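Reading through the structure tokens given below for one structure.
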2 protein chains.
Amino acid sequence: MQLYGYFRSSAAYRVRIALNLKGLSYEYVPVHLLKDGGQQLSDTYRALNPAALVPTLVDDGAALGQSLAIIEYLDETRPEVPLLPADALGRARVRGLAQAVACDTHPLNNLRVLKYLKHTLQVSDDAKNEWYRHWVDVGLGALEAMLAQSDDTGRFCHGDTPTVADLCLVPQVYNARRFGCDMSAFPTIERIDAACGELQAFVDAQPQNQPDAE
Amino acid sequence: MQLYGYFRSSAAYRVRIALNLKGLSYEYVPVHLLKDGGQQLSDTYRALNPAALVPTLVDDGAALGQSLAIIEYLDETRPEVPLLPADALGRARVRGLAQAVACDTHPLNNLRVLKYLKHTLQVSDDAKNEWYRHWVDVGLGALEAMLAQSDDTGRFCHGDTPTVADLCLVPQVYNARRFGCDMSAFPTIERIDAACGELQAFVDAQPQNQPDAE
């Protein structure tokens with residue numbers, strides 16, 4: 001397998017954790033989102049991933065995009081170390097938690113959106129950073145409430161083994177800290193993030209531990 | 001089952017199509033996103049859905065949020081009229097198409113984001129509408145490329161029966177038209193949208209056909 005990613009991409013980070021937890025070896029192919037006007041926009045990369053986004057997983061000749069779709073694919077084809085619960089209600093909860101990050105939080109703060117704010121809307125750096133923190137507050141606030149109010153929350157987001165929800169939580173927390181967001185309102189999220197940080201699979205997936213880290 | 005939704009919410013619209021395609025009856029509970037300062041923000045609604053977003057599906061006492069998680073849950077518990085292909089690669093493709101809308105397009109243009117642009121960043125109505133059209137162009141451009149370049153695309157996004165990808169495409173197209181986006185660059189999307197529009201399940205789910213339509 002080959003994973004096309006960028007060390008700081010949250011979505012690639014999620015997939016790296018999944019691959020590590022499942023003990024799957026893969027070749028990492030860096031795609032620099034800033035160099036050359038964005039290498040993800042090249043014709044070569046678009047041939048692989050028409051959406052021009054990272055990550056892309058290539059498995060046996062098939063190129064797959066979208067981190068959550070990739071992780072579900074890995075879970076179906078390599079079911080050892082499952083990343084979703086066995087019951088339908090549990091899976092719905094875990095997918096809902098993952099999507100609270102992947103659909104409601106991360107998309108508002110990714111690189112292309114920040115660029116649009118700065119270059120097209122010409123907002124100040126302060127206003128851009130305030131935007132970032134606002135959507136982290138809203139998104140992580142929702143996630144915190146979902147986690148804190150449920151008996152299903154354990155050492156990790158759902159029970160005592162990592163699921164796809166944790167794979168989304170950890171990169172989002174990493175980004176929030178990088179942008180100086182105040183995390184004190186999210187104690188459950190911080191506790192789970194710390195528990196994940198004790199697992200080598202999560203550590204090995206961290207941006208600074210990737211070959212293209214700067 | 002009860003579906004808490006808002007007639008114009010894309011995410012609720014997706015779930016309505018799923019319920020209709022599967023022939024499941026449900027009670028529709030309107031949550032007005034603009035009245036009373038946003039009924040989704042009330043304590044009553046937050047008790048059901050801590051993220052304070054629509055839709056929420058209540059099934060047998062369990063309250064589920066996030067449209068894609070709800071649809072997967074319905075597909076697992078009511079597998080007649082499946083909304084995902086039978087093979088892992090096909091499922092990955094369909095989920096990827098759905099997420100191209102649900103993660104990369106819709107989140108940038110939902111109501112709370114447009115409100116932030118207007119009230120906090122104080123951008124003009126023109127700039128706000130330009131923002132809307134920009135992310136529709138980017139998002140539907142990616143979706144069009146993914147669909148046009150694949151032999152798996154049929155009458156619908158994946159083959160000749162509707163999948164969760166179509167359930168995301170149709171509400172996104174509805175919104176794009178409402179905001180006056182130019183659709184001429186997306187012929188495959190328009191063709192699939194028209195095919196969906198011939199099915200009563202899709203028609204019955206349209207915003208203007210809901211009890212809370214204005």
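All values derive from a computational prediction rather than experimental measurement. In what follows, every chain begins at residue 1, and chains take the letters A, B, ... in the order their sequences are listed.
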Q: Flag yes if more than 12 heavy atoms outside B/D60 fall under 6.0 Å of its CG atom; otherwise flag no.
A: no

Q: With a 4.5 Å cut-off on heavy-atom pairs, point out which of A/V123, A/T77, A/L68 contacts chain B the most.
A: A/L68

Q.
Does any backbone or side-chain atom of A/Q99 lie under 4.5 Å from a heavy atom of chain B? Answer side chain, backbone, both or neither.
A. both

**Q.** A/E72/B/R91 salt bridge by N-O under 4.0 Å criterion
**A.** no

Q. Taking atom CE of A/M146 and atom CG of B/N49, what is their separation to the nearest 0.5 Å?
A. 7.0 Å

**Q.** Taking every non-hydrogen atom, the tightest pair across B/Y73 and A/A88
**A.** CD1-O, 3.7 Å

Q) Are there residues of residues 100-121 of chain A that reach to under 4.5 Å of chain B by heavy atoms, and which ones? A) A/A100, A/A102, A/C103, A/D104, A/P107, A/L108, A/R112, A/V113, A/Y116, A/L117, A/L121

Q. What part of A/W131 is in contact with chain B, defined as an atom under 4.5 angstrom from a non-hydrogen atom: side chain, backbone, both or neither?
A. both

Q.
Counting only heavy atoms not in A/D36 (residues, nucleotides, ligands), do more than 12 fall under 6.0 Å from its CG?
A. yes

Q. Should we say atom CG of B/D87 is surrounded by more than 12 heavy atoms from elsewhere, each under 6.0 Å from it?
A. yes

Q: Could you tell me which portion of B/L53 (side chain, backbone, both or neither) has an atom closer than 4.5 angstrom to a non-hydrogen atom of chain A?
A: side chain

Q: Flag the one option from A/A11, A/A142, A/P50 with the top tally of heavy-atom pairs under 4.5 Å to chain B.
A: A/P50

Q.
Heavy-atom pairs under 4.5 Å with chain B - which of A/A92, A/A148, A/A98, A/A62 has more of them than the others?
A. A/A92

Q. Between A/A69 and B/G96, which heavy-atom pair has the shortest distance, and what is it?
A. CB-N, 3.7 Å

**Q.** B/L64 side chain reached by A/L89 side chain, heavy atoms, under 4.5 Å
**A.** yes

Q: Using non-hydrogen atoms and a 4.5 Å limit, figure out which bit of A/A52 sits close to chain B: side chain, backbone, both or neither.
A: neither

Q | Contacting region of B/E130 [heavy-atom separation from chain A under 4.5 Å] | A | both

**Q.** Nearest heavy-atom neighbours spanning B/R46 and A/Q149
**A.** O-OE1, 4.2 Å

